[in-house]
Amino acid sequence: MPFGAIIAAFPGRWQMVRADCVADPKQHVSVNTTNPASGPVVLVIDDDPLIPIVVRRAMEGAVFRMHVAADGAAGVDEVSRCKPDVVILDNVLPDCLGLNALTTIHELAPSVPILFVTARGSGGSAIEAMKLCAFDYLPKPLDPPKLRSQIDRALALRRLLSTKQVAEEDTLWPPRESLSLPPDPTNLVGDCPAMQSVFKAIGKVAMQDIVVLIRGEHGTGKESVAREIHAHSHRSSGPLVKLHCRGLDERRADEVLFGRSVEEGSTSGRIAEAAGGTLLLEEVGDLPLAIQARVLRAIRDGVYEIAGSAIEHRVECRLLAITTVDLESRSREGKFRSDLYYALSSFAIELPPVRARHGDLRLLVEHSLRKLSPIAAAFGVKEPRISEEAFLAMSAHHWPGNIDELESVLKRALIEQKGNVLLPAEITRAVSGASVVPAADPSASALCTTDWTTFTDMRIEAGSDSLHAEAIAETERKLFTRVLHHTRGNQAHAARLLGITRVSLRKKLRMYGMAPRSIDE
C-alpha cells in the first residue's frame, strides 16, 4: 500500500503517534483496541511513526494492546512497565543499535519473544539477532500478512511460556521432574514388547564371547545395541573398533580389516586394533565375497593372515555385525556367502522400527530432548518442552527414518523455536522435508489402518499369547490418535465423539502412553 494511502486510512491515529513520538522520543505511546483492558500486549520499539500503523493494520480484527517506544532506553523501560507479550524491535534506533537493546530485553524478560526488524539485505544484523535469541527477524518494508503470522506465532509461544501455564503443566510435556533426572547412560529406551525382547537378548548374550548379528532399518539404534553389548561384556575395558564395509573394494577391505605386511609397508588392521575388545562390522552385507571367506575363517578357526604374509595371527577380539539388508535373500542371490550368513546369525537381534514401537514415542521424545538439551541451553533454556498438540503431530508421522529422523526433527524444531516449548507448526515444518502421512487423510495407513497380516505374523513370531488384546490395543491407539488430532487434543470433546467418559478415555491414553495428563482443563 502506498505511504499516502496508509496515512489516509488512519488520519487521526497517524497524527497522535507522530506527535507523541517526535515531541519526546522517550515517551511511550499506548494504542488500544475498543477493549483496552483485554488482549495481549505488543510493544513496538521503533522511531519510525509508520511502523505502529503497519502493525495495527496487520493485526486488524484482533484484540490487543499496543505500546510504542521511539528509542532503546524507552523501550527497555517499557518492557519493565507494560510487561509485553511480544516485542517488535528495530535495529537502528536514535540512541543505540537494536542488537544492544535485544540483549538487555532478553536478560530482563527471557520468555518474551522478540521480532527483530532489519533493513532489507542486512544479513549480518539478522544473523546476530538470531544468535542473540530473537524469535525471528523481519526485513523492511514490513509485509502486513507476514507480520501478522509472526506475531501470532510469537503470541502462541508466549501463552505456553506464561507463568500460569507452566505452573499448571496443562499442555506441556514431559514433566519437569522427569527432565531433571540424571541422563540415562544408554541410548536405548523402550517399554514396548519388542524393545523389552531386545533388552533381554542383550543381557543374555553380552557375557557370551560369540558373534552377534544386529538387524534393523536405518536409524533404529543398531550401533547403540552394539555399544551396550560391548559395555556389558567382559571386554568392556578394551576398545570398540568400527569398520563400515560399504564402498570398500576387495583390496581396500583386506588392508583395512586384516592389515598389510612389512614388505608392502606394514600397517595393522582393524581386527588387530580391536584386540582385547570388540570389532563392529557395519553393513557387513557389503563386504566383497573374497573377504567374506576370510571373515568366515576368522570366526570358525579364530585365525587370520595379513595380506602378503603366510603367518597366522590369533583373533583376540569379539565380532559384532550390523546389517540393514536381508542377508538371507542376498545369500540366495549369490551376493553373500550362505555359510557366513549362518555363522553370523547364530544369535541375531532384530531392532523394531519406530512405527512398530507402540506406546514408545513419548519415551523416545523425552530421551531425545535430554540428549539435545545443550541446544536449548544455548538459548538460555534449561528444560526444553513439547506441547501436547505438537506431540500429536509427531504421533501422526510415519517416521521412515526412525530414531535418527525423530532426533533430527526435534533438533531442528529446538533451533527454530529457540529451545523453548515446541509447537505443532515447528514440528510440521521440521518434518516437511520427509515423507509425512497426513492425519486428515482417511487412507493414511500409518494413522488409520494397520497391515493386519504383518501385525499378526510379527506377534505370532514373537511368541504372543495375547494376540486378541494386542489387536484391540492397536485399533484403539489408532482411533484415539485420529480423534484427538481432530479435536486438537481436547479430551472432553474426544470422549463425546467416542461415546465414552473422559475418565475412561484418560485411562486408555495413559495405558497406551499417549497422554499423561489432561490438556483441556
Side-chain angles (χ1 to χ4, degrees), residues 1-7 9-10 13-14 17-18 21 25 29 31 40-60 62 64 66-72 74-76 78-79 84-106 109 112-158 379 412-413 415-420 423 425-426 428-430 432-433:
M1 180 181 289
F3 183 84
I6 294 178
I7 295 177
F10 302 91
R13 198 171 307 284
W14 165 252
V17 172
R18 186 165 190 259
C21 287
V29 181
V31 182
V41 176
V42 177
L43 172 59
V44 178
I45 306 176
D46 199 316
D47 62 330
D48 182 352
L50 180 62
I51 299 302
I53 297 175
V54 175
V55 172
R56 186 167 182 80
R57 175 173 176 244
M59 297 297 288
E60 185 176 1
F64 74 106
M66 182 165 66
H67 294 251
V68 180
D71 63 30
V76 171
E78 277 296 284
V79 170
D85 295 292
V86 61
V87 174
I88 300 172
L89 173 64
D90 187 35
N91 185 37
V92 181
L93 298 169
D95 59 341
C96 68
L97 284 176
L99 289 171
N100 298 330
L102 191 156
T103 302
T104 303
I105 293 170
H106 186 67
V112 175
I114 301 173
L115 294 174
F116 194 73
V117 179
T118 67
R120 186 174 295 278
S122 55
S125 298
I127 291 171
E128 285 300 314
M130 300 306 286
K131 285 170 60 178
L132 294 171
C133 300
F135 178 78
D136 206 345
Y137 73 91
L138 297 168
K140 286 186 175 180
L142 295 178
D143 176 56
K146 176 68 172 177
L147 177 62
R148 174 64 179 266
S149 173
Q150 295 300 80
I151 291 176
D152 286 345
R153 287 181 60 235
L155 289 175
L157 175 63
R158 177 60 176 158
F379 298 110
R412 176 178 169 182
I415 293 171
E416 292 281 353
Q417 196 63 63
K418 308 298 183 297
N420 289 309
L423 304 176
E426 273 58 49
T428 302
R429 189 176 296 110
S432 61

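FYI, side chains are in, hydrogens and waters are out, and symmetry mates aren't considered; it's all heavy atoms of this structure. It should be emphasised that the depicted structure is a prediction, and the values quoted were computed from it without experimental measurement.
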_Nearest heavy-atom neighbours spanning Glu60 and Arg148_ = O-NH1, 3.4 Å
*asked:* Rounded to the nearest 0.5 Å, what separates atom CG in Leu102 from atom CG in Leu97?
replied: 11.5 Å
*Write down the atom of Ala58, the atom of Pro144, and the distance for their closest heavy-atom approach.*
CB-O, 3.4 Å
*Measure across Met59 and Phe64 and return the closest heavy-atom pair with its distance rounded to 0.1 Å.*
CB-CE2, 3.5 Å
*Could you check Asp71 against Asp47 for side chain to side chain contact (heavy atoms under 4.5 Å, CB included), going step by step and ending with a plain yes or no?*
CA-CA 6 Å; Asp71 63 30; Asp47 62 330; over 6 Å; no
*Go through the steps to decide whether Asp46 and Lys140 satisfy the test side chain to side chain contact (heavy atoms under 4.5 Å, CB included), and finish with yes or no.*
CA-CA 12 Å; Asp46 199 316; Lys140 286 186 175 180; 3.3 Å; yes
_Going by side-chain contact (heavy atoms from CB on, under 4.5 Å), Leu147 matches just one of Val55, Val117, Asp152. Which one?_
Val55
*Taking the side chain as C-beta and beyond, is there a heavy-atom pair between Leu93 and Leu89 under 4.5 Å?*
yes
*asked:* Are Arg158 and Val86 packed together at the side-chain level, in the sense that at least one heavy-atom pair is separated by less than 4.5 angstrom?
replied: no
*Spatial distance of atom CD1 (Ile105) from atom CG (Asn100) [nearest 0.5 Å]*: 11.0 Å
_Test salt bridge (charged side-chain N to carboxylate O under 4.0 Å, His left out) applied to Asp143 - qualifying residues, sequence neighbours left out_ = none
*For Gly72 and Cys96, work out which heavy atoms get closest and say how close.*
CA-SG, 3.8 Å
*How long is the gap from CG on Leu115 to CD1 on Ile45, to the nearest 0.5 Å?*
11.5 Å
*Taking Asp85 for its side chain and Leu155 for its backbone only, find out whether a donor-acceptor pair lies under 3.5 Å.*
no
_Ala154 versus Pro113, closest heavy-atom pair with distance_ = O-CG, 3.4 Å
*Find the distance between CE (Met66) and CD1 (Ile88) and round it off to the nearest 0.5 Å.*
8.0 Å
*I would like to know whether Val87 and Phe135 meet side chain to side chain contact (heavy atoms under 4.5 Å, CB included); could you show each step before the answer?*
CA-CA 10 Å; Val87 174; Phe135 178 78; over 6 Å; no
_Minimum-distance pair of heavy atoms, taken over all atoms of Phe116 and Ala134_ = CB-CB, 4.2 Å
*What is the distance from atom CD of Gln150 to atom CG of Asp136, rounded to the nearest 0.5 Å?*
4.5 Å
*If you measure from CG on Asp90 to OG1 on Thr118, what distance do you get to the nearest 0.5 Å?*
8.5 Å
